[in-house]
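Numbers here are sequence positions counted from 1.
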Amino acid sequence: MEINWHSFQLDSNLVTQPEKNPYEYFTEVKGISLNEAKAMHEHVKNAGKEAGIEFNFDDSKVANSYRGHLLIQLANSKNLGNEMEEAMFKAQFIDGKNIDDEATLLEIGQSVGLSEKEIQDALQSDDFAHAVSQDGLIARQLGISGVPFFVFNDKYGVSGAQQPELFLEVLEKSFAEFSAGDQGLQIINSGAQCDVDGNCN
C-alpha cells in the first residue's frame with residue numbers, strides 16, 4: 001500500500017500571527033468570546049486524547065501553512081512524506097512552533113533527513129509551488145472543503161475522522177476493486193472534520 005500526502009490549505013489568505021493562539025484568532029475572525037473559541041477546540045482535543053494525541057492549542061501559533069506545504073512536497077519527492085507530515089503536525093499542534101518561520105522549517109526538514117540546501121531551495125524557488133497549486137485545484141474539483149479527507153484508489157473519499165473499522169472496510173473494498181477500473185469518487189461523509197471557518201463537528 002502506498003500513501004500519498006497532498007497539499008490543502010483551509011484558508012490560503014490566513015496571515016501568520018505567531019503572537020496569537022487559535023483561541024484569540026477565532027475571537028477576532030468569528031466575533032465570539034474566548035470561552036466559545038476554547039469550546040470549539042475542546043472537541044478536537046478530546047478526539048485527540050482518544051487517539052493518544054495531546055493537542056496543545058494553548059501554545060499553537062496562527063500561521064499560514066503554504067511554506068510548510070512546499071516542504072511537504074519536497075519531502076514527497078524524496079519518499080519522506082509520512083515523516084514530514086508527522087513532524088509538521090507535531091510542530092504545529094503539539095510543540096507550538098510557527099510553521100511559517102524559515103528557521104523552524106529548516107529544523108523540521110533536517111529532522112526527517114532533508115539537507116539545508118534543498119530545504120532553502122524549496123522555500124525560495126517555485127519548484128514545488130505548482131504541485132501545491134495542483135493539489136488545491138484537484139481538491140476543489142472533488143468538492144473537498146474540510147479536513148481530514150482521505151481518498152482510496154482514486155475512487156472512495158472518506159471525509160472527517162472515522163472509526164478504524166470504517167477505514168479497514170474501505171481499504172479492503174478498494175484493494176478488491178483495484179484492477180476493476182471503476183471510475184467516479186464516492187464520498188463517505190459522516191465523520192468529524194474542520195472547515196475554513198474553523199467549524200469542527
Among residues at least two apart in sequence or on other chains, which ones pass side chain to side chain contact (heavy atoms under 4.5 Å, CB included) with [X]?
X    : value
L168 : E172
T16  : P18, A63, N64, N98, D100
A37  : Y23, F26, T27, I32
N56  : D58, D59

Contact list for residues 125-146, test ring-ring contact (aromatic ring centres under 6.0 Å, His included), sequence neighbours left out = none
Please list all pairs passing the ring-ring contact (aromatic ring centres under 6.0 Å, His included) test where one or both residues lie in residues 47-69, with sequence neighbours left out.
-> H41-F57, F55-F57, F55-F93
Does F8 have any ring-ring contact (aromatic ring centres under 6.0 Å, His included) partners at least two apart in sequence or in another chain, and if so, which?
-> none
Could you list the donor-acceptor pairs under 3.5 angstrom formed between side-chain atoms of residues 77-89 and any protein atom two or more places apart in sequence or on another chain?
{"unit_1": "S77", "atom_1": "OG", "unit_2": "L74", "atom_2": "O", "d": "2.6"}
{"unit_1": "K78", "atom_1": "NZ", "unit_2": "E118", "atom_2": "OE1", "d": "3.4"}
{"unit_1": "N82", "atom_1": "OD1", "unit_2": "W5", "atom_2": "NE1", "d": "2.6"}

Counting N and O atoms only, with roles assigned by atom type, does the side chain of S60 sit under 3.5 Å from a partner on the main chain of Q92, one being a donor and the other an acceptor?
-> yes
Contacts of K45 that satisfy salt bridge (charged side-chain N to carboxylate O under 4.0 Å, His left out) - sequence neighbours left out = none
Residues in side-chain hydrogen bond (donor to acceptor under 3.5 Å, both in side chains) contact with D135, at least two apart in sequence or another chain | H6, Q73
SB check K173 E177 (cutoff 4.0 Å) = yes
Side-chain donor-acceptor pairs under 3.5 Å in residues 102-113, sequence neighbours left out?
{"unit_1": "E102", "atom_1": "OE2", "unit_2": "Q124", "atom_2": "NE2", "d": "3.3"}
{"unit_1": "T104", "atom_1": "OG1", "unit_2": "D101", "atom_2": "OD2", "d": "2.9"}
{"unit_1": "E107", "atom_1": "OE2", "unit_2": "K97", "atom_2": "NZ", "d": "2.6"}
{"unit_1": "S111", "atom_1": "OG", "unit_2": "I108", "atom_2": "O", "d": "2.6"}

Which residue pairs pass the salt bridge (charged side-chain N to carboxylate O under 4.0 Å, His left out) test with at least one member in residues 13-29, sequence neighbours excluded?
-> K20-E28
